[in-house]
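Read the structure below first, then the notes.
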4 protein chains.
Amino acid sequence: MVSIDLNCDLGESFGSYRMGNDAAILPLITSANIACGFHAGDPSVMRQTVESAILHNVGIGAHPGLPDLQGFGRRELAISAQEAYDLVVYQIGALQAVAKSCGTTVRHVKAHGALYNMAAKSPDLAEAIVSAVKACDSKLIIVGLAGSAWVDAAKKMDMRIAQEVFADRRYEEDGSLTPRSRMDALIEDQQEAVEHVIRMVRDGMVTTRQGTRRPIQADTICIHGDGAHALEFAQAIRERFLKEGIAIERL
Amino acid sequence: MVSIDLNCDLGESFGSYRMGNDAAILPLITSANIACGFHAGDPSVMRQTVESAILHNVGIGAHPGLPDLQGFGRRELAISAQEAYDLVVYQIGALQAVAKSCGTTVRHVKAHGALYNMAAKSPDLAEAIVSAVKACDSKLIIVGLAGSAWVDAAKKMDMRIAQEVFADRRYEEDGSLTPRSRMDALIEDQQEAVEHVIRMVRDGMVTTRQGTRRPIQADTICIHGDGAHALEFAQAIRERFLKEGIAIERL
Amino acid sequence: MVSIDLNCDLGESFGSYRMGNDAAILPLITSANIACGFHAGDPSVMRQTVESAILHNVGIGAHPGLPDLQGFGRRELAISAQEAYDLVVYQIGALQAVAKSCGTTVRHVKAHGALYNMAAKSPDLAEAIVSAVKACDSKLIIVGLAGSAWVDAAKKMDMRIAQEVFADRRYEEDGSLTPRSRMDALIEDQQEAVEHVIRMVRDGMVTTRQGTRRPIQADTICIHGDGAHALEFAQAIRERFLKEGIAIERL
Amino acid sequence: MVSIDLNCDLGESFGSYRMGNDAAILPLITSANIACGFHAGDPSVMRQTVESAILHNVGIGAHPGLPDLQGFGRRELAISAQEAYDLVVYQIGALQAVAKSCGTTVRHVKAHGALYNMAAKSPDLAEAIVSAVKACDSKLIIVGLAGSAWVDAAKKMDMRIAQEVFADRRYEEDGSLTPRSRMDALIEDQQEAVEHVIRMVRDGMVTTRQGTRRPIQADTICIHGDGAHALEFAQAIRERFLKEGIAIERL
């Protein structure tokens, strides 16, 4: 039976600053990507988030990012592959200890923001990060953009990869995401987005912006935790999956 | 046979900033307290320091500190016991992953600077930190000021404690360190400092500033890594221990 | 005619993190204390906040804090008087340039959180900070806790001081604020708080927790920018002042 | 008479971390670019550096950088022009206040590291930064790479520009610096470097890596503050300028 994981970025608050709507999104997802203190999150927020994820039986993942709290890890920073390796080991380790202190373990790793995007296009960076993940725990699952350098790097190093697709993003003929600079990068109609993601998960095919169809592997879907319609959309996706007989199961 | 550990703070560089003289001090010590990125150190420095410590067969310890790079973790910050717990778990975890990625493990934990001093006087803080250490790995050894709240907290939680003494610090009648605000807080004569520390290690007794003698347990000695005479002093202590038939062994 | 200033902390967002409800509170106040990037705020938030303050003809003030974003500047940090001087000069200067780039000037300075509270009790710290303010611009107005070390320091250095009172805080017989550790530290009934502040402004007297009355000078009232009833309370205070014939005017 | 300015980055220490050799280089230069707390420096280091610069009658300049202490501002960070504007205003303002508190004023602004290099190639970024400088004080002198976008931006905005040349860097036919990725990017022979810079200053011509000659305007030379031969080289340049009858004068 086909199954799918729903992942969402969590634990993005910092000190007195609140971000996201973790309590509301937790019942709707199966995997949590927990910020590790570099682009967002702090040690106390991490512990609280792990505790909440346990209560909802959600898989715990590390969400390492660039050291840029002000830019929320979304601004590209020209780090070397070695620097990427080092900061990913550090952040995973921090969350592993938090998880252990709460009686659980980290199951997956998904890089955040610019780090995720940079590695998707750079085999060197992707391999450095996958190698950092493996050095922490060879059983960790890498979550990476479907069809990107993440997938090649993980396979090369014998690490398990969960290919990620986006319900609300359009795809190009070559399988890459339509750049956000284009007006039609986002699929804003909820019904269209649901159909888009169902085709990827059920049929293993994506209809590109150019109208062609190409194969895509969809192991996990990125669910947004905030925004006006985030919860409603997550709910719509869940209902449609159930109707299609697709199980929603964590990685 | 009596044995003693010599510990030193290492890995205090940060980015382009160099601090300490790690290469020179490593051959002289048995345990390294490695900064974990809050008061000093960064992910790359941590990895390099663990690699160096392995080469010298020096025991690897986490050296968690307050989040105050500018103040080098030496300025008291009014954190709660829960905050202390959380930031210690985080920092130990980060170093554990670095150690694992280098093929080794963290053996001990010594808090840094103001965090060490605050906990030495506060049972609540000491218990929160010891409990954080235990949550990370119940086999970790706590390094804490001899006779302080660190010792009580570790014993209360069934954690192994290594009591730390200072060769260059004078002690008060009640067993506390003479406050640095007093002119005679430091023992500046090298020969006197060596005798002072030998008495503590060999005889289990310390001669206080007031001239009295009181029992003290000395499991590890804090060795300074920089300063004009640091290396010379470390060498002098080592030679004297060997002459006394006291083994220098890591925790 | 008696007049009063209403001040509020603004510009406390940071990067992607939003805090406070600046747009809603700006029409109700006469002076804005703008965070300067240490405990909150960033260069872009500062510019946006100055622009908004100009639109509402609100007096612009610097709100320097401790370098502790995670703790929001509320945790005491053991800085020296010289360090306090230096970090206050830095933060005021940063806001002065932002203000100049927007065509306006900084009129007052109110320290934030733990820095404000520490200086209220420490003449050394208060004098260091007042002296930093004077070094930036001798025409700046210091906002400090009524009757505290702030007032003495400002007078000693010939700087103009605006004494601040709190509508929702109870006072002790000696004029200090009732510590928050006491259950009755806050005046939670809105009507009672309005009466409390009116007595301070109109009569120059405060009724203490012990039931005694003592003189107090009230030049400016601290208005909270968030919380369920903040706007409603600010509105209630404004209406009562107008009814009493007390003008609401900026410093 | 031809004159030249010698500028050097100063005040790059941070907290307990020392960097550079400010005391030794100050007697040899005419303009100091003082780090402003983002890529290096802190409020106390800034004050101490301004005080030292005053003693040596060296012109005081702001040296704003990217918010990346760990990377020392040398790693490109994808900031927007608006973000660049904001963080430059902030940093200049901070130094202006420090300078004022010491009884002097900021005379020039030179961006640091990656920010300098990014703007040299990006008219948008250069204009945003020049416009930030102008907003702080229209009499400030911009120091920018000779022949780069810095020069165009400054001229466009009617700001005074001092064109900077490098004694130890080779130039390409198009006037750009030879990329450091090339083996021959640096001129390592001291005598060759002195001749190289003398030709630029005296003759207004640079001999490129390709052997061609092209005009270049040299108003200020970047002097390095650390490294084995920095002081010796600065001394050699000074002597040669005096021999050539070229005055060494600050901007």
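In what follows, chains carry the letters A, B, and so on, assigned in the order in which the sequence lines appear, proteins first and then strands, with residues in each chain numbered from 1.
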Q. What's the spacing between Met19(A) CE and Arg18(C) CZ if we round to 0.5 Å?
A. 8.0 Å
Q. What is the distance from atom CD of Glu12(C) to atom OG of Ser16(A), rounded to the nearest 0.5 Å?
A. 9.0 Å
Under 3.5 Å donor-acceptor pairs involving side-chain atoms of residues 110-121 of chain C, not counting sequence neighbours:
unit_1, atom_1, unit_2, atom_2, d
Lys110(C), NZ, Asn7(C), OD1, 3.3
Lys110(C), NZ, Glu164(C), OE1, 3.4
Lys110(C), NZ, Glu164(C), OE2, 2.7
His112(C), ND1, His39(C), NE2, 3.4
His112(C), ND1, His63(C), NE2, 2.9
His112(C), NE2, Phe72(C), O, 2.9
Tyr116(C), OH, Leu145(C), N, 2.9
Tyr116(C), OH, Glu164(C), OE1, 2.6
Asn117(C), ND2, Gly113(C), O, 3.3

Q. Tyr17(C) and Gly41(A): which non-hydrogen atoms are nearest, and at how many Å?
A. OH-N, 4.0 Å
Q) Among Leu69(C), Val45(C), Asp68(C), which residue forms the greatest number of heavy-atom pairs with chain A at distances under 4.5 Å? A) Leu69(C)
